[in-house]
Engineer: 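Let me begin by handing over the structure; questions about it come next.
Because the structure is predicted, anything quoted here is derived from the model rather than measured.
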Amino acid sequence: MPPSDRARPTRRQLLTASAVSLGGVTLGPALGALPATAQGATPADLGGGSRRPRHTITIDGEPYPDPLHLERGTPVRRARLWETHRRAELQQLFAQHVHGTMLPRPQEQSAEVSVQQFATVVRKDLTTHVTGPFGSGSWLTRVFVPTGEVRGTFLLIDHRGAATDDPEQDTPYLPVRTINRAGYALAVFDAKEVAPDDPARYREGVIDLFSDPSAPLPPTAGRAIAAWAWAASRVMDHLSEDPDLDPARIALIGHSRSGKASLLAGGLDQRFVTVITNDSGSTGSKLARRGKGDDGRAEDVAKITSTFPHWFSEVYASYAGREEALPVDQHQLMALVAPRRLYVTSATEDANADPEGEFLAYVAAAPVYGLYGLADTGLPSTTWPPSADVPVRGPAMSYHLRTGGHGLTEVDWGWFLAGDLFD
Ligand code: GCU
């Protein structure tokens, strides 16, 4: 469909840091600075065996850190203690040992929006401008909004540069038309604009706005995945103010490396009512302690941190080959989404992502949902493997195992669109 020439004039909104906090936004403490104990520490300092979790649960016969004990040992039996202490404690541990410190709030942030009207869809080009102590930067989010009642919005972190301006685009990975026709809005930004997916250049987007470009990043600093997650929250700052969208019905979704980022952002930022992590594997949905998995083909910490040294903090790389020393594991990151809707997906042939490790993490996150009476995973059995191609849905937790290989496909989207993920 050719774009109409009825583009409305550009609108510019200014959103200051204080406006962000006044707007009822709840940002996890991990978005701020690390506690003094972690600052200036080397990976070896932080990754020492003494950090091994004291309280464990058993998953597949092995000990894993227990989400439901404070680090000092107090059991977490009520949602209130989870919310006042344990959630923040886990957020800090993931920042310190896995993803690295998140970028701070920008000194200034604004949105520039231009609107293009099509027959049944409006496309809003939302440019997010952010300023830090070392400069300013921006990136584009395309927001495709169907006319009429909007059932909810999917915000996709995309690392493939897949989106075009065309609201009729309908690829398996990015079925804009199908999503819009089902009554949902789709917002999508290219993660590479935020932080290039390149070990030599990843700082060139937003990271160097907040740290001296001429100095090395500290080993505790977050890198590309943390920056992508941070950007999703910055986009949310603006989507949540869009009068055409319901801020209480915005789902965050990412596939694979972007699914690692969607899970992180969803664990930190309570505004996302639904968090979808699709085939996110190592340092996403997969339990780190499973290492190379049962068949030896899964991606472990050594592999991911050596192949993609620009994704996580250097501290995380220090756990290569000794995952059992990590004070956290990925079921706890999933649990940070509670009590909001969590949707974990896997594919049967995605050996690198370890579908069994993703399934076990999903099941192990359920007791935290249990604090809210929402422990039902929807699974008829917690024994691996579940039936393939049978999406399951509990009141807050959803899962499917798709037949086939690594990918975000029309089948996955079909299941996301089939039921209401926004209640
Ligand atoms: C590689 C990497 C994975 C990642 C995937 C992707 O396969 O090993 O960790 O999830 O790329 O992003 O597609």
Engineer: Can you name the one residue among Pro391, Pro386, Ser285 that meets side-chain contact (heavy atoms from CB on, under 4.5 Å) with Tyr399?
Structural biologist: Pro386
Engineer: Between Phe422 and Phe154, is the ring centre distance below 6.0 Å?
Structural biologist: yes
Engineer: If you look at every heavy atom in Leu326 and Ala288, which pair is closest and at what distance?
Structural biologist: CD1-CB, 3.9 Å
Engineer: To the nearest 0.5 Å, how far apart are CG in Asp329 and NE2 in His97?
Structural biologist: 13.0 Å
Engineer: Which heavy atom in Met102 sits nearest to a heavy atom in Ala229, and how many Å separate them?
Structural biologist: CE-CB, 4.0 Å
Engineer: CG/Leu408 to CG/Asp279 distance, rounded to the nearest 0.5 angstrom?
Structural biologist: 8.0 Å
Engineer: To the nearest 0.5 Å, how far apart are OG1 in Thr101 and CD in Gln96?
Structural biologist: 8.5 Å
Engineer: For the pair Arg393 (side chain) and Leu421 (backbone), establish whether a donor and an acceptor sit closer than 3.5 Å, ignoring hydrogens and angles.
Structural biologist: no
Engineer: I'd like to know if the side chain of Glu358 reaches the main chain of Gly281, judged simply by a donor and an acceptor atom lying under 3.5 Å from each other, with no hydrogens or angles considered.
Structural biologist: yes
Engineer: At their closest point, which heavy atom of Leu174 faces which heavy atom of Val188, and how far apart are they?
Structural biologist: CD1-CG2, 4.4 Å
Engineer: What pair of heavy atoms forms the shortest contact from Arg87 to Ala338, and how long is it?
Structural biologist: NH2-O, 3.2 Å
Engineer: Quick check: Phe416 with His400 (ring centres under 6.0 Å apart)?
Structural biologist: yes
Engineer: Within a strict 4.5 Å, meaning less than it, do heavy atoms of the Phe272 and Leu155 side chains meet?
Structural biologist: yes
Engineer: Evaluate side-chain hydrogen bond (donor to acceptor under 3.5 Å, both in side chains) for Asp269 paired with Ser233, printing each intermediate quantity in order.
Structural biologist: CA-CA 7 Å; Asp269 189 333; Ser233 286; 2.6 Å; yes
Engineer: Give the ring-plane orientation class for Trp139 versus Phe189, where under 30° counts as parallel, over 60° as perpendicular and anything between as tilted.
Structural biologist: tilted
Engineer: In sequence, state the C-alpha distance, the side-chain angles, and the governing distance for Val392 and Thr377, and then conclude on side chain to side chain contact (heavy atoms under 4.5 Å, CB included).
Structural biologist: CA-CA 8 Å; Val392 297; Thr377 58; over 6 Å; no
Engineer: Just to verify, which of Lys292, Arg322, Arg289, Arg290 counts as forming a salt bridge (charged side-chain N to carboxylate O under 4.0 Å, His left out) with Asp300?
Structural biologist: Lys292
Engineer: Evaluate the criterion side-chain hydrogen bond (donor to acceptor under 3.5 Å, both in side chains) for residue pair Arg341 and Ser398; output intermediate values, then yes/no.
Structural biologist: CA-CA 7 Å; Arg341 182 171 289 281; Ser398 302; 2.8 Å; yes
Engineer: Drop me the distance from Ser282's OG to Phe312's CZ, to the nearest 0.5 angstrom.
Structural biologist: 6.5 Å
Engineer: Counting the benzene-type ring for Trp, do Tyr184 and Trp413 have ring centres under 6.0 Å apart?
Structural biologist: no
Engineer: Kindly assign one of parallel, tilted or perpendicular to the pair Tyr319 and Tyr316, based on the angle between their ring planes and the thresholds 30° and 60°.
Structural biologist: tilted
Engineer: To the nearest 0.5 Å, what is the distance between CG on Leu379 and CE on Met397?
Structural biologist: 8.5 Å
Engineer: Give a yes/no verdict on a cation-pi contact between Arg223 and Tyr202, requiring under 6.0 Å between NZ or CZ and the six-membered ring centre and an angle within 45° of the axis.
Structural biologist: no
Engineer: Hey, does Ile250 have a side-chain heavy atom less than 4.5 Å from the side chain of Val273?
Structural biologist: no
Engineer: Could you check whether any side-chain N or O of Thr348 sits under 3.5 Å from a backbone N or O of Gly404, counting only pairs where one atom can act as donor and the other as acceptor?
Structural biologist: yes
Engineer: Can you tell me how far the OG1 atom of Thr153 sits from the CG atom of Leu245, to the nearest 0.5 Å?
Structural biologist: 4.0 Å
Engineer: Taking side-chain contact (heavy atoms from CB on, under 4.5 Å) as the criterion, tell me which of Leu126, Val113, Leu156 meets it with Thr141.
Structural biologist: Leu126
Engineer: Using only atom types and a distance under 3.5 Å, with no angle test, would you say the side chain of Glu89 pairs donor to acceptor with the backbone of Glu71?
Structural biologist: yes
